[in-house]
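What follows is one structure encoded as structure tokens, with my remarks underneath.
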Amino acid sequence: MATHTTPGDQARLDVAGKTTGSVFDTVVDRKNFNSMKWAYAHQLLAADEAAADPLPMWVADTDFKAPQAVIDALHQAVDHGAFGYPGGATDSYLDAVTGWQARRFGWEVPREWVLQTAGIITTLRPRCRHSPRRAIRS
């Protein structure tokens, strides 16, 4: 069983109280942290459904703490204090994306193929809506 923490906790502990190396070993309790999937069941579900205290199985809204490198990068951006539009993907971002594809799938992705988007749904929706429909033949 994993240790329950609040979003601000830094340590990752296992059931024996020992520090672990994975964010997946810690359960972050988000029920009182403005989480739509945990705190708004009474608004999103019928009364009897919400009363059953269902386990929300959302894909994009995880219950794991972000990796420390991500937290540090966000702190650095916040500490800078000026928020504007980024000028595109940085070299380190492109290296991370293309390197992961190569290691994980053996796929050498050209850097110019990597595009930053606002999200998967907003990116795929227009392509799906404007793609030619093909008849399904049995």
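Heads up: numbering here begins at 1 and tracks the sequence.
- Under the 4.5 Å side-chain contact rule for hydrophobic residues, Leu115 and Trp113 do not share a cluster.
- Remark: Asp79 CG is packed, more than 12 non-hydrogen atoms of other residues, nucleotides or ligands lying under 6.0 Å away.
- Residue Val28 comes nearest to Lys65 through the heavy atom pair CG2-N, 3.9 Å, listed as atom of the first residue, atom of the second, then distance.
- Side-chain atoms of Asp91 and Arg111, non-hydrogen and from C-beta on, do get closer than 4.5 Å to each other.
- In this structure, Trp38 and Asp63 have side chains that are in contact, with non-hydrogen atoms separated by less than 4.5 Å.
- Here the closest heavy-atom approach between residue Thr122 and residue Gly119 is recorded as OG1-O, 3.1 Å.
- Listed here is the closest heavy atom pair of Ala89 and Gln116: N-OE1, 3.2 Å.
- Across all non-hydrogen atoms, the minimal contact from Leu45 to Pro54 is CD1-CG, 3.7 Å.
- Here the side chain of Arg103 pairs a donor or acceptor atom with the backbone of Gly99 at under 3.5 angstrom.
- Among residue pairs with one or both ends in residues 63-90, those qualifying as ring-ring contact (aromatic ring centres under 6.0 Å, His included) are Phe24-Phe64; sequence neighbours excluded.
- The local environment of CD in Gln43 is crowded, with over 12 non-hydrogen atoms from other residues, nucleotides or ligands closer than 6.0 Å.
- Two different hydrophobic clusters hold Met36 and Ile121 under the rule that ILVMFWY side chains link at heavy-atom gaps under 4.5 Å.
- The closest side-chain heavy-atom distance from Thr98 to Val114 is below 4.5 Å.
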